[in-house]
Peer 1: 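Starting off with a structure, shown below.
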Amino acid sequence: MHQAIRIFLLAGALVFCGQSFAAGTVADPSQYLTESVSVSGAVENTLKLRVDDLRKFPPQQVGEVPLVCQTGADVGKLGNFNGVRLRDILEQAVIVSRDHNDVKKMVIVASASDGYQVVFSWSEVFNSPVGDGVLVFFEKDGKPLAEDEGRIAMISTKDLRSGPRHVKWLQAIEVRKIVE
Ligand SMILES: Nc1nc2c(c(=O)[nH]1)N[C@H]1C(S)=C(S)[C@@H](COP(=O)(O)O)O[C@H]1N2
Ligand SMILES: [Mo]
């Protein structure tokens, strides 16, 4: 093959890959769909919540959240969705706390079906204004979440850069005490 053509094709492939990375595009997102989220770890009641179970918590409606990547890049927005507070879910699960100071050593790990994971601290969720905006959501424009993030997802609406803790395809919530 002519050297110039080879370089041209290589450059094209690199641009294509770069774009799919930047946009976080997944070839077949349907493989990641989640129909329920488990709540486990340091809790008295292990839960497995489907969308119908999530609807039983106090509803939180959100108009619009700009999505900003960790890099600062604008990655769109999340609009007109319904969810429930992570705090309300954890109150039903009841965090195991033997000592008055146990909860302050705990984190909540949120995991998605593609292996993506983020953490929250107990203090953030239960004792800061950020916690008011940490939502597990399941409905957008009155419809179930589409394959690109559904059927259950999560977002911390008050984060400065909201992309990282917009967890698509949420599968598990685990409470862990990380220091003794
Ligand atoms: N499950 C899952 N959720 C995720 C990610 C991921 O890789 N997997 N990437 C996060 C990051 S860093 C950003 S900026 C946004 C990107 O959203 P987009 O794929 O819609 O562009 O999703 C977030 N949620
Ligand atoms: Mo990101």
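We number each residue from 1, following the sequence as shown.
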Peer 1: I'd like to know if V167 and V136 are part of one continuous hydrophobic network [Ile/Leu/Val/Met/Phe/Trp/Tyr, side-chain heavy atoms within less than 4.5 Å].
Peer 2: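 Result: yes, single cluster for both.
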Peer 1: Could you work out, with side chain to side chain contact (heavy atoms under 4.5 Å, CB included) as the rule, every residue matching A73, not counting sequence neighbours?
Peer 2: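 C69, T71.
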Peer 1: Which atom names give the shortest non-hydrogen contact between L145 and G150, and what distance separates them?
Peer 2: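 Heavy atoms of L145 and G150 come nearest at CB-CA, 3.5 Å.
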Peer 1: Measure the spacing between CG of L49 and OG of S36 and express it to the nearest 0.5 Å.
Peer 2: 8.0 Å
Peer 1: Is there a path from V75 to V65 through hydrophobic residues (I, L, V, M, F, W, Y) whose side chains come within less than 4.5 Å of each other?
Peer 2: yes
Peer 1: With rounding to the nearest 0.5 Å, note down the distance linking CE in M154 to CH2 in W169.
Peer 2: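 CH2 of W169 is found 16.0 Å from CE of M154.
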Peer 1: Please list all pairs meeting ring-ring contact (aromatic ring centres under 6.0 Å, His included) that have one or both residues in residues 130-164, counting only residues at least two apart or in different chains.
Peer 2: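 Only F81-F137 qualify under ring-ring contact (aromatic ring centres under 6.0 Å, His included).
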Peer 1: Tell me, which pairs form a salt bridge (Lys or Arg N to Asp or Glu O under 4.0 Å) where one or both residues lie in residues 153-167, sequence neighbours left out?
Peer 2: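 As it turns out, the salt bridge (Lys or Arg N to Asp or Glu O under 4.0 Å) pairs with a partner in residues 153-167, which skip direct neighbours, are E124-R165, D159-R165.
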Peer 1: Can I get a per-line list of side-chain donor-acceptor pairs under 3.5 Å for residues 50-64, giving both atom names and the distance, sequence neighbours left out?
Peer 2:
| residue | atom | partner | partner atom | Å |
| --- | --- | --- | --- | --- |
| D53 | OD2 | R50 | N | 2.8 |
| R55 | NH1 | E139 | OE2 | 3.0 |
| R55 | NH2 | E139 | OE2 | 2.9 |

Peer 1: Does a sphere of radius 6.0 Å around CD in Q70 hold more than 12 heavy atoms from other residues, nucleotides or ligands, not counting ones at 6.0 Å or beyond?
Peer 2: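 Counting other residues, nucleotides and ligands, CD of Q70 stays at 12 neighbours or fewer.
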Peer 1: Heavy atoms only: give me the nearest P29-D148 pair and the separation to one decimal.
Peer 2: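 Shortest heavy-atom contact: CB-CA, 4.2 Å.
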Peer 1: In the single-linkage hydrophobic clustering (I, L, V, M, F, W, Y; side-chain heavy atoms under 4.5 Å), do V68 and L135 co-cluster?
Peer 2: no
Peer 1: Which value, rounded to the nearest 0.5 Å, describes the distance between F126 atom CZ and E91 atom CD?
Peer 2: 5.5 Å
Peer 1: Throw together a table of side-chain donor-acceptor distances under 3.5 angstrom for residues 37-47, partners on residues two or more places apart or in other chains.
Peer 2:
| residue | atom | partner | partner atom | Å |
| --- | --- | --- | --- | --- |
| N45 | ND2 | Q92 | O | 2.8 |

Peer 1: Which side-chain N or O atoms in residues 102-120 pair as donor and acceptor under 3.5 Å with protein atoms at least two apart or in another chain?
Peer 2:
| residue | atom | partner | partner atom | Å |
| --- | --- | --- | --- | --- |
| D102 | OD1 | K177 | NZ | 3.2 |
| D102 | OD2 | R98 | N | 3.0 |
| D102 | OD2 | D99 | N | 3.3 |
| K104 | NZ | N101 | OD1 | 2.5 |
| K105 | NZ | E180 | O | 3.4 |
| S111 | OG | Q117 | NE2 | 2.8 |
| S113 | OG | Y32 | O | 2.6 |
| D114 | OD1 | Y116 | N | 3.2 |
| Y116 | OH | P164 | O | 2.7 |

Peer 1: Can you give each donor-acceptor pair under 3.5 Å made by side-chain atoms of residues 83-90, sequence neighbours left out, with the distance rounded to 0.1 Å?
Peer 2:
| residue | atom | partner | partner atom | Å |
| --- | --- | --- | --- | --- |
| R85 | NE | D132 | O | 2.9 |
| R87 | NE | V125 | O | 2.9 |
| R87 | NH1 | D132 | OD1 | 3.2 |
| R87 | NH2 | V125 | O | 3.3 |
| R87 | NH2 | D132 | OD1 | 2.7 |

Peer 1: Can you sort out the partners of D28 under side-chain hydrogen bond (donor to acceptor under 3.5 Å, both in side chains), two or more places apart, ordered by chain and number?
Peer 2: S30
Peer 1: What distance separates K168 NZ from L33 CG, expressed to the nearest 0.5 Å?
Peer 2: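 Separation between the atoms: 12.5 Å.
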Peer 1: What residue pairs, at least two apart or across chains, pass salt bridge (Lys or Arg N to Asp or Glu O under 4.0 Å) with a residue in residues 66-83?
Peer 2: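 Every candidate salt bridge (Lys or Arg N to Asp or Glu O under 4.0 Å) pair involving residues 66-83 fails, so no pair, neighbours aside, qualifies.
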Peer 1: Could you walk me through whether Q171 and I152 pass side chain to side chain contact (heavy atoms under 4.5 Å, CB included), step by step?
Peer 2: CA-CA 8 Å; Q171 186 169 56; I152 301 171; over 6 Å; no
Peer 1: Return the minimal non-hydrogen interatomic distance between S162 and P66, and the atom names on each side.
Peer 2: OG-O, 2.5 Å
Peer 1: Begin with the C-alpha distance, continue with both residues' side-chain angles, and end with the deciding distance and a verdict on side chain to side chain contact (heavy atoms under 4.5 Å, CB included) for L78 and H166.
Peer 2: CA-CA 9 Å; L78 205 59; H166 165 217; 4.2 Å; yes
